[in-house]
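A short worksheet on the structure shown next.
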Amino acid sequence: VRNVSEALCVKNLRQAVYYALKGNFEAAKSIIDGAKVSNPSYFEVYRVEAFIHFEEKDYISASECYGRAIDIAHQVPQLRMFYAWFLVKAYNDYKSAAVEIEAALTEDESSPKLKLELARIKMFQMDFRGSLEVLNSICLPTDRIEKMHTVVKDVEFNVHKRNLEYLSAR
């Protein structure tokens, strides 16, 4: 949030998400329409609009909204991570999701969360070696080292497990 106007918009965007989760898409879209007028250059407006379309299963419109959000804030790594998740959930498109995570890593190259997502995506692409390389490059923050270490080890275990399953099925 960069200013007071965006801070006020966030409250409305949360309400729009609430309505979308309850299936009241018209109310959610009405809030988004107002947010587009008052904050047309705030990328979160379009990210939330994409979420609403995703909940409606209108994946084409959701993808277009993510595109608008990224045009506005291409330097925001979390936005690209949300888009990557969308690509996986909506289209099962791990290749494009990896591209988005790699683009996010150019903005925040040391992010353990982004690297963890890239490792997961590579695992699902059956790039087990690449996944392990990404996992080994993760530097854990000292304030969350125990929890993150557990998550990293869990993903590492799953990479090895899936690799064995893949090899035994050949």
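What you see below is based on every heavy atom in this structure, not just the backbone, and it leaves out hydrogens, waters and symmetry mates.
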Exercise for the section: Start with the C-alpha distance between Phe54 and Tyr59, add both sets of side-chain angles, then the distance that settles side chain to side chain contact (heavy atoms under 4.5 Å, CB included), and finish with yes or no. Expected result: CA-CA 6 Å; Phe54 175 79; Tyr59 301 143; 3.5 Å; yes
Practice task
Establish whether Tyr18 and Val48 are linked, either directly or via other cluster members, by ILVMFWY side-chain heavy-atom contacts under 4.5 Å.
Solution key: no
Problem - Ile32 and Leu13, any side-chain heavy atoms less than 4.5 Å apart - result: yes
Problem - Heavy-atom closest contact (Pro40 atom, Ile72 atom, distance) - result: O-CD1, 3.8 Å
Exercise for the section: Answer yes if Phe43 and Ile70 sit in the same cluster of Ile, Leu, Val, Met, Phe, Trp and Tyr residues linked by side chain heavy atoms under 4.5 Å apart, and no otherwise. Expected result: yes
Handout entry: Cluster link Val159 to Leu164, ILVMFWY, side chain under 4.5 Å
Key = no
Exercise for the section: Locate the shortest heavy-atom distance separating Met148 from Lys113; write the atom from each residue and the value. Expected result: CE-N, 4.5 Å
Problem - Qualifying side chain to side chain donor-acceptor pair (under 3.5 Å) pairs with a residue from residues 156-170, counting only residues at least two apart or across chains - result: Lys153-Glu156
Handout entry: Interatomic spacing from CD in Gln78 to OG in Ser111 - rounded to 0.5 Å
Key = 7.5 Å
Handout entry: Shortest non-hydrogen contact between Asn39 and Val45, atoms and distance
Key = O-CG2, 3.8 Å
Problem - Distance, nearest 0.5 Å, that separates CG of Asp58 from NE2 of His53 - result: 6.0 Å
Practice task
Over 60° means perpendicular and under 30° means parallel, so classify the ring planes of Tyr83 and Phe86, tilted if in between.
Solution key: parallel
Exercise for the section: Check whether any side-chain heavy atom of Asp154 sits under 4.5 Å from a side-chain heavy atom of Thr150, and report yes or no. Expected result: no
Exercise for the section: Would you check if Asn136 and Ile138 make a side-chain contact, meaning some heavy-atom pair closer than 4.5 Å? Expected result: no
Practice task
Flag the pair Phe128 / Met126 as yes when at least one side-chain heavy-atom distance between them is below 4.5 Å, and no otherwise.
Solution key: yes
Completion exercise
Heavy atoms of Tyr94 and Ile121 approach each other most closely as O-CG2, 3.4 Å
Handout entry: side-chain hydrogen bond (donor to acceptor under 3.5 Å, both in side chains) against Tyr66, all qualifying residues, sequence neighbours excluded
Key = none
Handout entry: Atom CD1 of Ile60 with >12 non-hydrogen neighbours under 6.0 angstrom
Key = no
Problem - Beyond-backbone contact of Phe82 with Arg80, side-chain heavy atoms, under 4.5 angstrom - result: no
Fill in the blank from the handout: Interatomic distance, CD@Glu133 vs CG@Leu118, rounded to 0.5 Å, equals 10.5 Å
Handout entry: Rounded distance (nearest 0.5 Å) linking atom CG of Asp108 with atom NZ of Lys115
Key = 9.5 Å
Practice task
Supply the atom-to-atom distance Leu87 CG to Asn92 CG, rounded to the nearest 0.5 angstrom.
Solution key: 10.5 Å
Handout entry: Under-4.0 Å salt bridge between Glu49 and Lys29
Key = no
Problem - Donor-acceptor contact below 3.5 Å, side chain Ser96 vs main chain Asp93 - result: no
Exercise for the section: Considering non-hydrogen atoms only, spot the tightest contact between Glu100 and Ala84 and give its length. Expected result: CB-CB, 4.1 Å
Handout entry: hydrophobic_cluster_shared for Phe124 and Leu167, side chain cutoff 4.5 Å
Key = yes
Practice task
Give a yes or no on whether Tyr91 and Leu79 share a hydrophobic cluster (residues Ile, Leu, Val, Met, Phe, Trp, Tyr; joining criterion: side-chain heavy atoms under 4.5 Å apart).
Solution key: yes
Fill in the blank from the handout: In this structure, CD1 of Ile52 is separated from CD of Glu55 (nearest 0.5 Å) by 9.5 Å
Handout entry: Side-chain touch Arg47/Phe51, heavy atoms, less than 4.5 angstrom
Key = no
Practice task
Would you indicate whether the side-chain heavy atoms of Leu105 and Pro77 approach each other to under 4.5 Å?
Solution key: no
Problem - Heavy-atom closest contact (Tyr46 atom, Cys65 atom, distance) - result: O-CB, 3.4 Å
Practice task
Please check if atom CD in Gln125 has more than 12 non-hydrogen atoms from other residues, nucleotides or ligands closer than 6.0 Å.
Solution key: yes
Handout entry: 4.5 Å side-chain heavy-atom contact, Val10 and Tyr42
Key = yes
Exercise for the section: Answer yes or no: is there a donor N or O on one side and an acceptor on the other, between the side chain of Ser137 and the main chain of Val134, under 3.5 Å? Expected result: yes
